[in-house]
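Here is the naming used below: chain letters follow the sequence lines, and residue numbers restart at 1 for every chain. Quick note: numbers below take in every heavy atom, side chains included, and nothing from hydrogens, waters or symmetry partners.
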Amino acid sequence: GDSVTQMEGPVTLSEEAFLTINCTYTATGYPSLFWYVQYPGEGLQLLLKATKADDKGSNKGFEATYRKETTSFHLEKGSVQVSDSAVYFCALRTNTGNQFYFGTGTSLTVIP
Amino acid sequence: DAGVIQSPRHEVTEMGQEVTLRCKPISGHDYLFWYRQTMMRGLELLIYFNNNVPIDDSGMPEDRFSAKMPNASFSTLKIQPSEPRDSAVYFCASSPGYEKLFFGSGTQLSVL
């Protein structure tokens, strides 16, 4: 079935370090791909999305490129800030319905 | 818009008691989702509705769980009887049917 696998955390980085969180997916057809972010005590919020192969989603300095050949959607940011500390979820939406499948989440802590 | 509203924010109950979680989706959204989040299993889709009709309840763990959506502005998730292993954060999310989920702040359920 459709699923998402993302790198396990937790991840701890110093401020201004480069961030990569890996995400791969399994899906039939051509899903849409997403990164959601969850701050402490809150629900998930959409960070960025890509709806077809080679699309690049970007927001708040974060980027991810939909790679069909490697079935990946890795999240990157060139210089993280303390305020980026949160849990990041990779997700896919099937193209045969409106179901969303989430990865297990990767906790990021950025230290000054 | 106030966003997706969930109540209560926190619920502490004893094993065997009935628990009812409530959700008010964003007006105009045709889809409503119930998710459960635990450390062990991450974010799991329990059930989702389209235009108040349950579409997929295959994620509901067992018969103790039931969900209803009597109208477009209200949904409930009921657990009867509750068990300690039901302790988790339960999220409601709504969607206009496009690419984005809007999450509530969640209900933290503790079953003692």
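- With a threshold of 4.5 angstrom between heavy atoms, B/F102 does not approach chain A through any atom at all.
- Residue A/Y101 does not touch chain B at all, counting heavy-atom pairs closer than 4.5 Å.
- The aromatic ring centroids of B/Y35 and A/F102 lie less than 6.0 Å from each other.
- Neither the backbone nor the side chain of B/Q108 comes within contact range of chain A, judged by heavy atoms closer than 4.5 Å.
- At a 4.5 Å heavy-atom cutoff, the contact between A/Q38 and chain B is made by side-chain atoms alone.
- Aromatic pair A/Y36/A/F89: centroids not less than 6.0 angstrom apart.
- Contacts between B/L101 and chain A at a heavy-atom distance below 4.5 Å involve backbone atoms as well as side-chain atoms.
- Between the side chains of B/Q80 and B/Q17, not a single donor N or O lies within less than 3.5 Å of an accepting N or O.
- Within a 6.0 Å radius of CD in A/E16, no more than 12 heavy atoms belonging to other residues, nucleotides or ligands are found.
- Taking the six-membered ring where tryptophan is involved, the planes of A/F34 and A/F100 are tilted, since the angle between them lies from 30° to 60°.
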